[in-house]
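What you are looking at is a predicted structure, and each value in this text was computed from that prediction instead of being measured. Chain A is the first sequence line, chain B the second, and so forth, proteins listed ahead of strands; every chain is numbered from 1.
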There are 2 protein chains.
Amino acid sequence: MDNIKKKLQEKGLKITPQRLAILQALMSNKSHPTAEMIMEYIRVNHPNIATGTVYKVLDTFIEHQIIKKVQTEKDVMRYDAIMDHHHHLFCSESERIEDYVDIELDELLQAYFIKKGIPDFKIEDIRLHVNGKFLRIE
Amino acid sequence: MDNIKKKLQEKGLKITPQRLAILQALMSNKSHPTAEMIMEYIRVNHPNIATGTVYKVLDTFIEHQIIKKVQTEKDVMRYDAIMDHHHHLFCSESERIEDYVDIELDELLQAYFIKKGIPDFKIEDIRLHVNGKFLRIE
DNA sequence: TCTTAAAAGAGAATAAATCTTATTTAGGGT
DNA sequence: ACCCTAAATAAGATTTATTCTCTTTTAAGA
Ligand SMILES: [Mn+2]
Ligand SMILES: [Mn+2]
Ligand SMILES: [Zn+2]
Ligand SMILES: [Zn+2]
């Protein structure tokens, strides 16, 4: 919880109970939760937190690069507190999304694109969306 | 327009003016349009098409693998009529999304994952989301 | 041509996200 | 420690994208 505070301070953000709760929720839940799921989780200790506050805080975190959005095919956004470069595994028959870290792959891609490039495009970031099936229940 | 009809017939779908218009709109517009954009486009010739019909038709097309959704960080879905395997270039400062076809890359990735695999996961499809900036105005 | 299941139209309903305004609060300055 | 104020939150209305329900229309096979 102290390093959560530090994280906010580093970005020059005021430390509020709501921000701490939301960030803590995101950091302890690696399943890329929705805003709704975060609210449910923190309502236990913060019964009066407003929906708008949650969305506002999430936006603030994104702006300050504390969290990221995870794009899905559903009409609901999901959030990710892990900022180290990583890819995602999407289950093709459920909403499950897992992180996939692979430095060897990243190096391979980097080498490939440094050599080849993409015409008229300056690459900033490459992420894989790997669709498939998990062979083990989480 | 005839091969659009054929496409529907192949999937066992009834040929309706609405479906033809929507699929034609999608195939002539490579910018990964939203449902709203498709409606705007086809309203010129189909002024009475219902919003619900457009969404219903799009869903039907997705079910029958005639089109695909394109995931974005905005709260609006985008659609893609190109079904051949390809990746996407996302502009980090606008809504522009372009196709990126690279068979050499696909082969590289395939070789990599055949050799390495992902533990407890059966890969079905790999797509790159390349974020960056377009260096030439479209 | 007739029949009927499927599709479309109209508009209400929902769900996610955003906005507005009043109130509260964090934290720097005194 | 206390003030001050800009920033943050609460509450609830609003918007926007999407879905649903129900009625009417239509495609296409018999
Ligand atoms: Mn939405
Ligand atoms: Mn929505
Ligand atoms: Zn992640
Ligand atoms: Zn595409």
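A donor-acceptor pair shorter than 3.5 Å cannot be found between the side chains of A:Q71 and B:T72. B:T53 and B:Q18 share no side-chain donor-acceptor pair at under 3.5 Å. Between the side chains of B:H32 and B:H88, at least one donor N or O lies within less than 3.5 Å of an accepting N or O. No side-chain donor from either of A:Y79 and A:N29 sits under 3.5 Å from a side-chain acceptor of the other.
For the pair B:I15 CD1 and C:dA7 C1', the computed distance is 14 Å after rounding to whole Å. Between B:R78 atom CZ and D:dT18 atom P the separation is 12 Å, expressed in whole Å. To the nearest angstrom, P of D:dA28 lies 9 Å from CG of B:L20. Atoms CG (B:D59) and P (C:dA6) sit 17 Å apart, rounded to a whole Å. Between the CD atom of A:Q9 and the P atom of C:dG27 there is a distance of 7 Å, given to the nearest Å. Between B:H46 atom NE2 and C:dA8 atom C1' the separation is 12 Å, expressed in whole Å. Atom CG in B:L8 sits roughly 15 Å away from atom C1' in C:dA8 (whole-Å rounding). Distance CE (A:M77) to C1' (D:dT16): 14 Å, rounded to an integer number of Å.
Within residues 22-42 of chain A, no residue approaches DNA chain D, by heavy-atom distance under 4.0 Å.
Residues A:I82 and A:H86 meet the side-chain proximity criterion, which asks for heavy atoms closer than 4.5 Å. With contacts defined as side-chain heavy-atom distances shorter than 4.5 Å, the pair B:H64/B:T60 qualifies.
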Fill in: Intermediate values then yes/no, salt bridge (charged side-chain N to carboxylate O under 4.0 Å, His left out), B:E98 and B:K30
CA-CA 8 Å; B:E98 299 253 331; B:K30 313 245 185 250; over 6 Å; no
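Here the side chain of A:D102 pairs a donor or acceptor atom with the backbone of A:L105 at under 3.5 angstrom.
Ring pair A:H129/B:H129 is parallel by interplanar angle, where below 30° counts as parallel and above 60° as perpendicular.
Among the nucleotides D:dT19, C:dT18, C:dG27, the one closest to any side-chain atom of A:Y55 is C:dT18.
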Practice prompt. Determine, for nucleotides 2-12 of chain D in 5'-to-3' order, which nucleotides have protein heavy atoms under 4.0 Å from the base (write B), from only the sugar-phosphate (write S), or from neither (write -).
Written response: ----BSSSBB-
